[in-house]
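The basis for the numbers below is simple: all heavy atoms, side chains too, and nothing from hydrogens, waters or symmetry mates. By convention in this document, chain letters (A, B, ...) are assigned in the order of the sequence lines, proteins followed by strands, and residues within each chain are numbered from 1.
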2 protein chains.
Amino acid sequence: MEQSADLLDRAFAALADATRRGLVARLAVSDATVSELAEPYDVSLQAISKHVKVLEEAGLVTRSRDAQRRPVHLKAEALDLMSTWIDRYRIEVEERHRRLDDLLARTAGPEDQPPCRKKDQT
Amino acid sequence: MEQSADLLDRAFAALADATRRGLVARLAVSDATVSELAEPYDVSLQAISKHVKVLEEAGLVTRSRDAQRRPVHLKAEALDLMSTWIDRYRIEVEERHRRLDDLLARTAGPEDQPPCRKKDQT
DNA sequence: CACTTCCTCAACCAATCGGTTGAATACGAC
DNA sequence: GTCGTATTCAACCGATTGGTTGAGGAAGTG
């Protein structure tokens, strides 16, 4: 297995699939076994098992053992890592946007202003 | 809600690549052309152009036209969508974790605690 | 007009992905 | 031990991905 891939790579890739996002949503409510997770989906149990493995390798879930069962548990840490990454740049660009709007509003005040293209807001 | 599923797919997939995350980080500072974006990377210009296209189809960036240049602009909206999705379940699982800790702290006080099987409470 | 710059399209290739089916493992019950 | 349940492993397949090279479009300059 290629272990060198970044954790963010795998975390984002893991959530790029609607089925896996569904599993995460389900696991946010409570831990569940693979069989329980597979129940709402019209795919094989092996497919869900693969999905859980992807989530596990992305650090999004952990699995313990309880007899034959392998209850899956959602971890907040990887979600936290992703959220932090996104918010860093989201805030940065929103901040930049706000400053640009300020500048435009300031310059457009007293003077006669040619049609000034502000943000392309629909 | 379901309309955004496809967009979430593409947004998460877009950020699953370290190069594209690098482009987003660069674009958070300021808009840039494809050539400028490609400069730090040791791949062809076409490869970066493809990456930008992926970001665009994920709704993460827009492109305008300025003579020959196609300046790329980072949009906060898609980042916001992803952040919102993640935080919903991140908070949910953290909340659940906190409640479990509370329960354990409360119950573990006076009594000696046998391994307590907590089944799915659905 | 030709020339240059910036960028995209098209074809191709190897690797990965999401799904399948079939076999194998791990555990508890009988 | 055998049986049943839960889960994973292995092999395969079609589609997608990230990269390449080569050609070409779009716009400003001499």
Separation of atom CD1 in Ile48(B) from atom P in dG19(D), rounded to whole Å: 8 Å
query: Tell me: NZ of Lys50(A) to P of dC13(D), nearest whole Å?
result: 14 Å
message: Using heavy-atom distances to pick each residue's nearest nucleotide on DNA chain D, tell me which of Asp66(B) and Ser49(A) is more 5'.
response: Ser49(A)
task: Could you please spell out the steps behind the side chain to side chain contact (heavy atoms under 4.5 Å, CB included) verdict for Leu15(B) and Leu60(B)?
output: CA-CA 10 Å; Leu15(B) 294 192; Leu60(B) 282 160; 4.0 Å; yes
query: Just how far, in rounded Å, is P of dG18(C) from CG of Leu55(A)?
result: 10 Å
query: Under 4.0 Å between a side-chain N/O of Ser44(A) and OP1 or OP2 of dT20(C), yes or no?
result: yes
field: Side-chain heavy atoms of Leu27(A) within contact of His73(A), under 4.5 Å
entry: no
message: Salt bridge check, Arg69(B) against Asp31(B): does any charged N sit closer than 4.0 Å to a carboxylate O?
response: no
statement: Leu45(A) CG to dC9(D) P, in whole Å, measures 13 Å
task: Using atom CG of Asp17(A) as one end and atom C1' of dT17(D) as the other, report the distance to the nearest whole Å.
output: 15 Å
Side-chain ion pair, Asp87(A) and Arg90(A), N-O less than 4.0 Å: yes
Nearest-Å distance for atom pair CZ/C1', residues Arg70(A) and dT8(D): 9 Å
- line: For Glu57(B) and Leu7(B), the nearest pair of non-hydrogen atoms, with its separation, is O-CD1, 4.3 Å
query: Given dG18(C), is OP1 or OP2 found less than 4.0 Å from the side-chain N or O atoms of Arg20(A)?
result: yes
- request: Mind checking the OG-CZ spacing from Ser35(B) to Arg70(B)? Nearest 0.5 Å is all I need.
  value: 12.0 Å
- request: Look at the side chain of Gln46(A) against the base of dG18(C) and say whether a donor-acceptor pair falls under 3.5 Å; ignore hydrogens and angles.
  value: no
message: With the threshold set at under 4.0 Å for non-hydrogen atoms, list the residues of residues 27-37 of chain B touching DNA chain C in residue-number order.
response: Thr33(B), Val34(B), Ser35(B)
- prompt: Rounded to the Å, how far apart are His51(B) NE2 and dC7(C) P?
  reply: 16 Å
query: What's the CD-P distance between Glu57(B) and dT8(C), to the nearest Å?
result: 12 Å
- prompt: Is it true that Glu56(B) and Lys53(B) have a side-chain N and a carboxylate O under 4.0 angstrom from each other?
  reply: no
message: By nearest heavy atom, map Thr19(A) and Arg65(A) onto DNA chain C; which one lands nearer the 5' end?
response: Thr19(A)
message: Side chain of Lys53(A) only, heavy atoms from C-beta on: which candidate in dT7(D), dC9(D), dG18(C) is closest?
response: dC9(D)
